[in-house]
2 protein chains.
Amino acid sequence: MVAARRSTEVSARVAALCAELGPGAMLPGERELSGRFGVSRATVRKALEELMARRVVERRHGAGTFVRRPAVAQPLMATSFGDDMRRRGLEPSSRLLWWDTVVADTELAGRLEMPGGEAVLRVCRVRLADGEPMTLETLHAPAERVPGLTGEDLEGAASYYDILVTRFGRRIRSGTQSVAPVVLEAHEADLLGVPPGDAALRFVRTSRDQHGEVVERVESLARGDRYLIEMDIMPPRDGAEPVSSGAMP
Amino acid sequence: MVAARRSTEVSARVAALCAELGPGAMLPGERELSGRFGVSRATVRKALEELMARRVVERRHGAGTFVRRPAVAQPLMATSFGDDMRRRGLEPSSRLLWWDTVVADTELAGRLEMPGGEAVLRVCRVRLADGEPMTLETLHAPAERVPGLTGEDLEGAASYYDILVTRFGRRIRSGTQSVAPVVLEAHEADLLGVPPGDAALRFVRTSRDQHGEVVERVESLARGDRYLIEMDIMPPRDGAEPVSSGAMP
DNA sequence: GAGTGGTCTAGACCACGGT
DNA sequence: CCGTGGTCTAGACCACTCA
């Protein structure tokens with residue numbers, strides 16, 4: 001792999017160093033790094049700023065630069081978990097917990113906008129980044145729209161969105177998502193590797209393909225210490241209804 | 001006003017230039033600006049990066065730097081708590097818990113982008129809808145930018161955003177917000193009228209006025225049982241960083 | 001006081017876009 | 001082609017933290 005920019009190269013090498021040292025560790029100084037990698041200090045600083053933006057490191061004026069346990073920002077776009085993690089320089093994977101197919105009752109059929117009485121594929125996975133549990137996901141998909149798909153297809157590094165495109169010719173075009181805070185139950189905390197009673201975000205996402213058909217409903221629990229939602233906000237335009245807003249159940 | 005960093009000073013002067021030239025206009029080149037302001041090109045670049053992050057300018061490699069056109073299709077809006085509640089048919093109000101002014105230390109001054117050592121107004125309120133506590137808010141505002149404002153001005157049905165406009169001629173133009181899940185401490189739960197240990201959302205919002213000046217930093221705890229973020233999501237646009245959407249407490 | 005990150009300078013070369 | 005932004009260097013001084 002060729003790094004066009006030296007700062008990107010330095011960035012990657014420092015990120016590797018971070019992984020080696022572990023969270024909380026202090027990195028060598030900028031001058032030391034610039035010597036070690038044979039680049040100027042300005043380049044090292046640019047690389048560190050990149051890692052800063054990615055929340056990999058934390059800098060304290062006068063003290064040093066430290067490896068951070070990153071809170072992963074949740075982009076409010078329909079990116080797959082894998083793409084999301086890779087963009088942060090983390091290696092995504094999945095651990096399949098269980099899967100089955102059930103017959104949709106009226107409520108589930110309604111949510112998936114499918115006929116009642118038909119089969120629904122359910123897959124429960126732990127999603128990991130660099131081997132560390134990040135979210136606990138349960139996927140619901142109308143079996144008619146993804147014929148032949150099983151839970152095993154979604155093990156390891158497989159991406160549901162990729163499979164949707166390559167096997168079924170379906171592309172995600174839109175979706176809605178809600179987010180609420182929850183306190184983790186013991187078994188959930190256990191699967192996520194955090195203490196029970198920790199805070200988490202509960203995402204519920206419904207996605208549609210190019211035909212407007214619902215192809216997934218995902219309920220996902222994300223560790224509160226590793227997930228952070230960031231958004232830009234704009235003032236309301238007069239007369240416009242909000243495209244999105246806080247709601248009260 | 002003294003700008004400690006020369007890049008901040010340059011930033012402000014270029015922002016003024018942008019306002020003068022109008023949307024779509026091409027700015028002078030970086031070398032030209034560095035000569036005009038008597039700073040190095042690196043400093044100009046740093047200033048431009050700041051304006052880039054604030055979406056004031058847009059740079060095109062090989063072409064130039066341009067004043068950004070009014071944002072297209074901003075998917076999301078910053079409404080005040082009061083407007084938000086009224087839209088849901090609820091009657092908003094506030095209960096003032098305490099207020100004071102403090103001298104900004106370096107960290108706070110940095111967050112508010114104001115000179116260190118100056119005064120900051122802090123106001124802590126419980127926000128209610130139909131008399132029921134919804135959020136617990138702590139507002140921070142640079143006193144210089146809202147002279148004479150006190151906590152009492154924000155009691156009852158008063159809206160900070162309204163006051164900003166009517167008394168100080170400042171309109172919210174942009175902002176950023178982050179959201180994380182937390183577990184409520186006993187005293188927080190008490191103020192919100194929920195059991196301790198309940199889940200909540202912690203919003204941290206920074207808003208700017210038409211001059212690009214920070215006019216508030218608000219930390220707000222929203223009851224997890226009454227607040228839910230809902231958003232539309234779109235597939236990622238190639239190359240685009242997430243300009244994301246969401247909701248406000 | 002020694003070492004850290006934060007800022008700035010004055011120069012260089014490269015990659016890209018329009019004419 | 002020329003002017004633009006993008007990257008990089010080698011050095012300097014300042015502000016901060018911590019032993």
Side-chain angles (χ1 to χ4, degrees), chain A residues 2-14 17-18 21 24-68, chain B residues 2-14 17-18 21 24-68 103-118 239 241:
Chain A
V2 181
R5 286 179 303 284
R6 310 179 69 155
S7 66
T8 316
E9 165 74 12
V10 171
S11 211
R13 293 179 67 177
V14 173
L17 186 58
C18 288
L21 294 173
M26 180 172 161
L27 288 169
E30 298 175 352
R31 294 159 182 86
E32 159 77 21
L33 289 172
S34 84
R36 192 184 295 188
F37 296 137
V39 298
S40 77
R41 192 180 151 211
T43 304
V44 168
R45 282 186 61 78
K46 184 150 197 203
L48 288 176
E49 259 146 42
E50 210 175 303
L51 295 175
M52 190 78 174
R54 273 169 46 191
R55 300 191 144 73
V56 173
V57 302
E58 178 180 5
R59 295 151 107 181
R60 288 201 288 277
H61 191 170
T65 303
F66 303 84
V67 183
R68 192 172 151 153
Chain B
V2 181
R5 285 180 303 284
R6 309 179 68 151
S7 66
T8 315
E9 165 73 13
V10 172
S11 210
R13 294 180 67 176
V14 173
L17 187 58
C18 287
L21 294 172
M26 181 172 159
L27 288 170
E30 297 174 353
R31 292 160 182 86
E32 158 77 20
L33 289 173
S34 84
R36 192 184 295 188
F37 296 137
V39 299
S40 77
R41 192 180 152 212
T43 304
V44 168
R45 282 186 60 77
K46 184 151 197 204
L48 288 176
E49 259 147 41
E50 208 176 305
L51 295 175
M52 189 79 174
R54 275 169 43 191
R55 301 194 153 76
V56 174
V57 302
E58 178 179 6
R59 296 151 106 180
R60 289 201 287 277
H61 191 170
T65 303
F66 304 83
V67 182
R68 266 185 82 114
V103 172
D105 62 16
T106 318
E107 190 184 340
L108 182 57
R111 289 199 220 276
L112 294 173
E113 296 180 14
M114 57 177 279
E118 284 189 5
E241 271 304 293

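Just so it is clear: chains get the letters A, B, ... in the order the sequence lines come, proteins before strands, and each one is counted from 1. Computed from a predicted model, the values in this text were never measured in an experiment.
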Exercise. Give B:T106 one of three labels, base, sugar-phosphate or nothing, depending on what nucleic acid heavy atoms sit under 4.0 Å from its own.
Key: nothing
Exercise. Measure the distance from CD on A:E58 to P on C:dG6 and round it to the nearest whole Å.
Key: 11 Å
Practice problem: Round to the nearest Å and state the distance from A:R60 atom CZ to C:dT4 atom P. | Solution: 14 Å
Exercise. For DNA chain C, determine which residues of residues 30-48 of chain A have any heavy atom closer than 4.0 angstrom to one of its atoms, and list them numerically.
Key: A:E30, A:R31, A:R41, A:R45
Quiz item: Tell me: CE of A:M26 to P of C:dG3, nearest whole Å?
Solution: 11 Å
Practice problem: Please tell me which of A:R59 and A:G62 maps to the more 5' nucleotide of DNA chain C, matching each residue to the nucleotide holding its nearest heavy atom. | Solution: A:G62
Exercise. Could you tell me the separation between the CZ atom of A:F66 and the C1' atom of D:dT17, rounded to a whole number of Å?
Key: 10 Å
Self-check item: Among A:T43, A:V44, A:V39, side-chain contact (heavy atoms from CB on, under 4.5 Å) partner for A:L33
Solution: A:V44
Exercise. Write down the distance between CD (B:E49) and P (C:dT7), rounded to a whole number of angstrom.
Key: 12 Å
Quiz prompt | Heavy-atom side-chain contact between A:E9 and A:R5 under 4.5 Å | solution = no
Quiz item: Taking C-beta and beyond as the side chain, do B:T65 and B:R59 meet within less than 4.5 Å on heavy atoms?
Solution: yes
Quiz item: Just checking, any donor-acceptor pair under 3.5 angstrom between side chains of A:S11 and A:T8?
Solution: no
Self-check item: Gap between atoms CD and C1', on B:E107 and D:dC16 respectively (whole Å)
Solution: 14 Å
Quiz item: Under 4.5 Å between any side-chain heavy atoms of A:V14 and A:L27, yes or no?
Solution: yes
Self-check item: Pair B:E58 + B:R68: basic N to acidic O under 4.0 Å
Solution: no
Quiz item: Regarding A:R60 and the six-membered ring of A:F66, is the cationic atom NZ or CZ under 6.0 Å from the ring centre and inside 45° of its axis?
Solution: yes
Quiz item: Rounded to whole angstroms, how far apart are CZ on A:R6 and P on C:dA12?
Solution: 18 Å
Quiz item: Which of the following nucleotides, D:dA15, C:dT7, D:dC8, is nearest to the side chain of A:S7?
Solution: D:dC8
Exercise. Mind calculating the distance between CD (A:E9) and P (D:dT9) to the nearest angstrom?
Key: 12 Å
